[in-house]
Amino acid sequence: GAGVSQSPSNKVTEKGKDVELRCDPISGHTALYWYRQSLGQGLEFLIYFQGNSAPDKSGLPSDRFSAERTGGSVSTLTIQRTQQEDSAVYLCASSLVSGRGGAGVQYFGAGTRLSVL
Amino acid sequence: AQSVTQPDIHITVSEGASLELRCNYSYGATPYLFWYVQSPGQGLQLLLKYFSGDTLVQGIKGFEAEFKRSQSSFNLRKPSVHWSDAAEYFCAVGERSSASKIIFGSGTRLSIRP
């Protein structure tokens with residue numbers, strides 16, 4: 001596709017249930033990021049995938065959160081035993097590594113709005 | 001570790017007035033610097049970026065930003081704002097490393113007074 005695609009766009013779940021959020025990055029982008037944005041807040045970094053390197057999981061808030069990236073493309077963010085405080089917009093972004101190495105311009109998806117009742 | 005500070009949580013300016021949004025970063029070397037805009041209910045869109053070269057960077061929608069190494073700043077400016085500029089603005093910094101990630105500031109909400 002032309003841009004970063006996230007699905008579903010909205011997800012309502014009950015407390016204690018598991019959810020999976022999907023991100024399709026721009027084709028050929030080697031870097032993929034997940035962020036969480038709570039209402040009226042900034043972007044909270046969750047996890048970063050870059051090529052075949054081990055992912056940077058330093059932003060995951062608890063062991064209920066996990067993510068994988070299959071085949072260097074599609075990524076799934078899984079939240080187990082959801083809590084009400086997990087309610088937020090989850091944003092995915094992808095980028096190329098810049099020509100001189102280092103972070104490139106990120107292209108963002110529209111996000112998944114998660115509501116935990 | 002790098003960090004980004006946007007000291008202004010919310011700014012209101014009159015339509016047609018000039019705008020400056022502040023961004024300060026903490027990093028040991030010259031970072032990659034970005035400004036993104038998020039309109040209500042939308043994803044983030046890149047306004048401009050600084051990688052190297054001219055420290056005054058031009059972006060889309062009439063925005064510009066200036067990298068000042070001595071002040072560790074990358075402030076965003078626009079000479080005359082339009083009502084459509086009302087949005088959330090995020091400054092971000094990235095390391096010059098292939099294993100880097102980008103860190104975002106907490107954002108500045110811009111409101112436009114008619």
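Within every chain, numbering begins at 1; the chains are lettered A, B, ... in the order of the sequence lines, protein sequences first and strands thereafter.
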* Examine whether an atom of Gln38(B) lies under 4.5 Å from a heavy atom of chain A, and if so say whether it belongs to the side chain, the backbone or both; otherwise answer neither. => side chain
* Structure fact -> With chain B, the option among Gln6(A), Gln37(A), Glu44(A) that has the most non-hydrogen atom pairs under 4.5 Å is Gln37(A)
* **Residues in side chain to side chain contact (heavy atoms under 4.5 Å, CB included) contact with Asn10(A), at least two apart in sequence or another chain** => Arg113(A)
* Asked: chain B heavy atoms under 4.5 Å from Leu91(A): which part of the residue, side chain, backbone, both or neither?
  -> side chain
* Sequence neighbours excluded, every pair satisfying side chain to side chain donor-acceptor pair (under 3.5 Å) that has a member inside residues 13-26 of chain A -> Arg22(A)-Asp24(A)
* Determine, using the 4.5 Å side-chain heavy-atom cutoff (strictly less than), whether Val93(B) and Leu46(A) are members of one ILVMFWY cluster. => no
* Approximate separation, where rounding is to 0.5 Å, of Phe104(B) CZ and Gln106(A) CD -> 4.5 Å
* Ile112(B) and Leu76(B): same hydrophobic cluster, using ILVMFWY side-chain contacts below 4.5 Å? -> yes
* In terms of heavy-atom proximity below 4.5 Å to chain A, should Leu44(B) be classed as side chain, backbone, both, or neither? -> both
* Are Leu43(A) and Phe65(A) connected, step by step, through hydrophobic side chains (Ile, Leu, Val, Met, Phe, Trp, Tyr) whose heavy atoms are closer than 4.5 Å? -> no
